[in-house]
Amino acid sequence: MKKSIVPIFLLIASLARAAAPVDLGSGQAYVRVQAVADLQNLPSGALVLDLRYPALGDDAAQGLRGWLAARPRTAELFVLVSPLTPPPVATVVAQSGVVTLGAPGSLPAPKVLVQTEPATDRRAYDAAKTGTPIAKLISGKVVKERYDEASLVADFNKGDHDAEPPAGPDPTAEKDQKAKEPPLVDRVLQRAADLHRALQALRP
């Protein structure tokens with residue numbers, strides 16, 4: 001009985017399959033670059049290219065250089081970088097003059113510095129690989145409960161003459177109930193999405 005042999009070109013094609021871009025809304029797409037193949041067939045419109053934690057080979061810098069040269073200068077492009085962006089890739093990005101965003105210590109030095117810890121940035125990046133939707137990672141907010149004098153006056157005017165601030169936390173409650181861990185947010189990617197929306201608002 002003959003063994004089934006997969007042709008080598010089919011194996012290479014399957015391994016080189018490009019990552020599918022993620023729609024960030026407002027006409028902006030996002031793609032994580034893990035291989036040169038990820039630079040193929042990308043959207044021609046507004047794009048966020050994530051080069052923070054790629055597993056790129058020696059040919060990556062040259063492939064990125066060619067892709068950047070071929071992309072129209074008028075097409076909006078944000079490039080995300082980190083302290084672990086490979087130096088040859090960081091050099092190509094720096095020479096291209098594109099808008100870069102990243103945490104402190106990123107390579108190359110980002111034009112838009114996002115104040116987030118590199119370790120937190122990596123956790124947010126990895127969260128998407130374990131199933132957390134990108135949309136959730138860029139929309140997380142910490143909403144604090146607020147009940148001030150204005151709120152008291154508003155309730156009083158509505159007829160609630162006994163209005164008063166809510167009771168404070170129970171000092172006997174368990175420590176893990178006193179405060180909740182804030183949601184994990186990809187601050188760098190979130191800033192790229194915010195910048196895109198801001199630019200759209202400024203356009204006539």
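Closest approach of P110 to S106, counting heavy atoms only: CD-CB, 3.9 Å. Of all heavy-atom pairs between A75 and S44, the closest is CB-O, 3.4 Å. Closest of all the heavy-atom pairs between A127 and L184 is CB-CD2, 3.8 Å. The shortest non-hydrogen separation linking L101 to V188 is O-CG1, 3.7 Å. Of all heavy-atom pairs between A192 and L80, the closest is CB-CD2, 4.2 Å. The shortest non-hydrogen separation linking V36 to G63 is CG1-CA, 4.5 Å.
T120 OG1 to Q115 CD: the interatomic distance, rounded to the nearest 0.5 Å, is 12.0 Å. How far CG of L24 is from CD1 of I138: 5.0 Å, rounded to the nearest 0.5 Å.
A salt bridge is defined here as a Lys NZ or Arg NE, NH1 or NH2 lying under 4.0 Å from an Asp or Glu carboxylate O, and R32 with D38 fails to meet this definition. Between D126 and R123 there is no salt bridge, since no side-chain N of the basic residue sits under 4.0 Å from a carboxylate O of the acidic one.
In this structure, Q34 contributes its side chain and Y53 its backbone to a donor-acceptor pair below 3.5 Å. Side-chain atoms of K111 come within 3.5 Å of backbone N or O of G97 as a donor-acceptor pair. A donor-acceptor contact shorter than 3.5 Å links the side chain of T85 to the backbone of L51. Side chain of H196 to backbone of S26: a donor-acceptor contact under 3.5 angstrom is found. Looking only at distances, no side-chain donor or acceptor of Q190 sits under 3.5 Å from a matching main-chain atom of L137. Under a 3.5 Å cut-off, the side chain of T132 and the backbone N or O of A128 do not form any donor-acceptor pair.
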Practice task
List the steps and the verdict of side chain to side chain contact (heavy atoms under 4.5 Å, CB included) for F78 and Q28.
Solution key: CA-CA 10 Å; F78 296 135; Q28 186 183 41; 3.7 Å; yes
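In this structure, the side chains of T91 and P108 stay at 4.5 Å or more apart for every pair of heavy atoms. Contact of the T100 side chain with the V112 side chain is not registered, since no non-hydrogen atoms from C-beta on lie closer than 4.5 Å. Side-chain contact check for L47 versus Y30: every heavy-atom pair is 4.5 Å or farther apart. At least one side-chain heavy atom of S82 sits under 4.5 Å from a side-chain heavy atom of D121. At least one side-chain heavy atom of L49 sits under 4.5 Å from a side-chain heavy atom of V31.
In the hydrophobic clustering of ILVMFWY residues, with side-chain heavy atoms under 4.5 Å counting as a link, L195 and I134 come out together. Taken together through direct or relayed side-chain contacts under 4.5 Å among Ile, Leu, Val, Met, Phe, Trp and Tyr, V98 and L107 form parts of separate hydrophobic clusters. Hydrophobic clustering of Ile, Leu, Val, Met, Phe, Trp and Tyr side chains at less than 4.5 Å, counting indirect connections, unites V92 with L77. L113 and V99 sit in two unconnected hydrophobic clusters of ILVMFWY residues. Membership requires side-chain heavy atoms under 4.5 Å apart, directly or through other members. Follow the hydrophobic side-chain contacts under 4.5 Å out from V81 and you reach W67 in the same cluster.
Side chains of R65 and Q95: a donor on one and an acceptor on the other come within 3.5 Å. Between the side chains of Y125 and D186, no donor-acceptor pair of N or O atoms lies under 3.5 Å.
Partner E76 forms a salt bridge (charged side-chain N to carboxylate O under 4.0 Å, His left out) with one of R197, R203, R71 and no other, that one being R203.
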